[in-house]
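For reference, the structure discussed in these notes is given below.
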Amino acid sequence: MLTNDTDPIVAIATAPGRGGIGVVRLSFGRAGEAAALEAMRALCGQPLAPRHASYVPFIDGNGEALDRGIALYFPAPHSYTGEHVLELQGHGGPIVLQLVLQRAIEAGRGFGIRLAEPGEFTRRAFLNDKLDLAQAEAVADLIEASTEAAARSAGRSLEGAFSREIHALVEDVITLRMLVEATLDFPEEEVDFLEAADARGKLARIRQRLDTVLADARQGALLREGMSVVLAGQPNVGKSSLLNALAGAELAIVTPIAGTTRDKVAQTIQVEGIPLHIIDTAGLRETEDEVERIGIERTWGEIERADVVLHLLDARAATTSEDAAIAARFPQGVPVVRVLNKTDLAGTPAAVHEGDDHAREVNLSAKTGDGIELLRGELLKIAGWQAGAESVYLARERHLIALREARDHLAFAADHANQQSQVLDLFAEELRLAQDSLNAITGEFTSDDLLGVIFSRFCIGK
Ligand SMILES: Nc1nc2c(ncn2[C@@H]2O[C@H](COP(=O)(O)OP(=O)(O)OP(=O)(O)O)[C@@H](O)[C@H]2O)c(=O)[nH]1
Ligand SMILES: [Mg+2]
């Protein structure tokens with residue numbers, strides 16, 4: 001849907017449900033100050049001093065108080081959206097907030113107010129240069145953060161840490177581009193140019209810097225998205241026991257009966273702030289049982305989608321042809337960790353090592369918990385997590401894609417610079433493309449479609 005970015009808008013800004021305080025927010029768009037004054041008179045019975053907390057009744061059409069609370073008026077441009085904004089902080093009940101909202105719509109009919117769409121306040125903040133696109137996304141990520149690490153790194157992005165890195169990279173690319181473009185006008189100097197201006201050295205430093213940003217951003221994306229870890233193996237090897245051990249709760253049913261788990265059981269756990277989506281599945285074997293067969297089909301479906309597969313085996317038994325057949329069906333390119341479970345029965349110590357085929361192997365006991373730490377460590381390693389990385393900022397898949405694009409363009413530029421017949425205009429073109437990719441992150445040049453996608457995922461009122 002096409003939004004008009006200048007309409008006056010209103011929404012309940014606090015979460016649905018009951019709470020101490022509930023906020024109704026109005027942003028007046030093109031209707032501006034006149035509309036703000038009209039709304040203040042209609043809703044609060046008086047004009048309000050800018051940025052002062054006024055304790056007033058919120059009144060209905062008959063002058064009766066619906067609620068009483070704090071009203072705040074933020075004249076443009078010093079507001080969240082950059083427009084004239086009125087905030088009514090009343091009591092946090094769903095009905096009373098609905099009444100205040102309806103009253104705001106009624107009072108704003110004259111100047112065309114409408115309900116805000118999801119993320120529309122933040123979209124305006126972006127359009128009015130209050131936030132860049134990466135910061136606007138960080139607002140949503142901060143609200144959605146499910147771990148402390150994710151919240152802290154979203155906070156850093158919102159403060160502009162990520163955007164500053166991107167801007168610094170763009171600045172460096174621009175400086176190099178200016179050098180090149182200037183030389184393009186004097187073709188006879190082309191050959192000397194790369195030497196004289198240390199263009200190759202400059203490019204190499206930019207590429208190095210970009211790699212660091214990309215590594216940090218990858219960590220950030222991990223904090224946001226997490227990793228799905230599928231437990232697979234023959235019946236009775238202890239998959240459900242391992243899920244329970246990792247989660248620290250009796251989530252899945254554990255019995256000595258082979259074929260206990262039929263349907264998948266999933267639980268998200270946090271390891272060093274990284275969400276790991278652990279999925280316990282039906283044991284893999286030939287079966288006549290219709291229900292179990294469907295469960296096994298689903299197991300394979302989960303394995304196809306996994307970021308990591310934990311192949312569980314019994315530490316007491318030699319690897320069987322069934323185990324080999326299971327391993328052969330694992331999808332290419334997905335990391336697999338072999339977990340040799342029940343070390344307490346096998347009488348072997350907990351350990352982690354590399355198997356004959358270079359796959360990682362962890363010996364542990366889901367029952368005693370011995371070795372579970374080693375498995376957590378392996379999972380973090382696969383995730384590429386660097387412990388103690390303080391500077392991580394929350395990033396999204398979109399940012400990673402743009403950073404990788406920029407990295408590739410810079411690599412092409414380096415190729416051009418290193419060829420015998422240095423093709424300066426191609427060198428310049430790759431730099432320009434790299435700059436475009438970086439700019440897309442902060443939203444300097446971003447299509448309307450992308451904005452629509454990004455902001456529609458926000459909650460209403462934000
Ligand atoms: N001693 C010991 N017993 C274990 C261990 N892990 C699992 N078990 C036992 O092995 C049996 C099977 O465990 P489950 O966790 O249900 O195995 P599963 O792989 O989920 O089995 P299915 O759901 O049938 O595929 C249960 O009796 C568990 O108590 C372990 O580390 N040590
Ligand atoms: Mg099970």
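These numbers come from a predicted model, not from an experiment. Order of appearance sets the numbers: ligands from 1, and atoms from 1 within every ligand.
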Exercise. Could you tell me whether any N, O or S atom belonging to T261 is less than 2.8 Å from the Mg ion (ligand 2)?
Key: yes
Quiz item: In terms of side-chain heavy atoms, does T260 have a donor or acceptor partner in T255 at a distance below 3.5 Å?
Solution: yes
Practice problem: Verify whether one side chain among N363 and H353 offers a donor that lies under 3.5 Å from an acceptor in the other. | Solution: yes
Quiz item: Do NZ/NE/NH1/NH2 and the carboxylate oxygens of R285 and E292 come within less than 4.0 Å?
Solution: yes
Quiz item: Who's the nearest protein heavy-atom neighbour of atom 17 (O) of ligand 1, and how far?
Solution: G238 N, 3.1 Å
Quiz item: Considering only protein heavy atoms, which is closest to atom 29 (O) of ligand 1, and at what distance to one decimal place?
Solution: V254 CG1, 3.6 Å
Quiz prompt | D7/R114 salt bridge by N-O under 4.0 Å criterion | solution = yes
Quiz item: How far is atom 32 (N) of ligand 1 from its nearest protein heavy atom, and which residue and atom is that?
Solution: D344 OD1, 2.8 Å
Quiz prompt | Top protein contact for atom 5 (C) of ligand 1, by heavy-atom distance | solution = K342 CG, 3.6 Å
Quiz item: On the ring face of F58, is R68 found with NZ or CZ under 6.0 Å from the centre and within 45° of the axis?
Solution: no
Practice problem: Closest by any non-hydrogen atom to atom 24 (O) of ligand 1: pick that one out of P235, G233, P256, G259. | Solution: G259
Quiz item: Taking 2.8 Å as the cut-off, does an N/O/S atom of S241 lie below it from the Mg ion (ligand 2)?
Solution: no
Quiz prompt | Check: S163/Q135 side-chain N/O donor and acceptor closer than 3.5 Å | solution = no
Quiz item: If you measure only the distance, is there a donor-acceptor pair under 3.5 Å linking the side chains of N4 and T6?
Solution: yes
Practice problem: Could you check atom 7 (C) of ligand 1 against the protein and tell me its nearest heavy-atom contact, residue, atom and distance included? | Solution: S241 OG, 3.2 Å
Exercise. Provide, to 0.1 Å, the distance between atom 12 (C) of ligand 1 and the closest protein heavy atom, together with that atom's residue and name.
Key: N236 OD1, 2.9 Å
Quiz item: Does the ring center of H84 lie less than 6.0 Å from the ring center of F74?
Solution: no
Self-check item: Distance from atom 26 (C) of ligand 1 to nearest protein heavy atom, with residue and atom
Solution: T255 O, 3.5 Å
Practice problem: State whether the shortest distance between N or O atoms of A366 and N or O atoms of ligand 1 falls below 3.5 angstrom. | Solution: yes
Exercise. Give a yes or no on whether a salt bridge exists between E297 and R293, defined as a side-chain N under 4.0 angstrom from a carboxylate O.
Key: yes
Exercise. Please work out whether any backbone atom (N, CA, C, O) or any side-chain heavy atom from C-beta onward of I257 is under 4.0 Å from ligand 1, and answer side chain, backbone, both or neither.
Key: backbone
Quiz item: Does any N/O atom on G283 come nearer than 3.5 Å to any N/O atom on ligand 1?
Solution: yes
Quiz prompt | Nearest neighbour in protein (non-hydrogen) for atom 6 (N) of ligand 1 | solution = N341 ND2, 3.1 Å
Exercise. Answer side chain, backbone, both or neither: which part of S240 comes under 4.0 Å from ligand 1, heavy atoms only.
Key: both
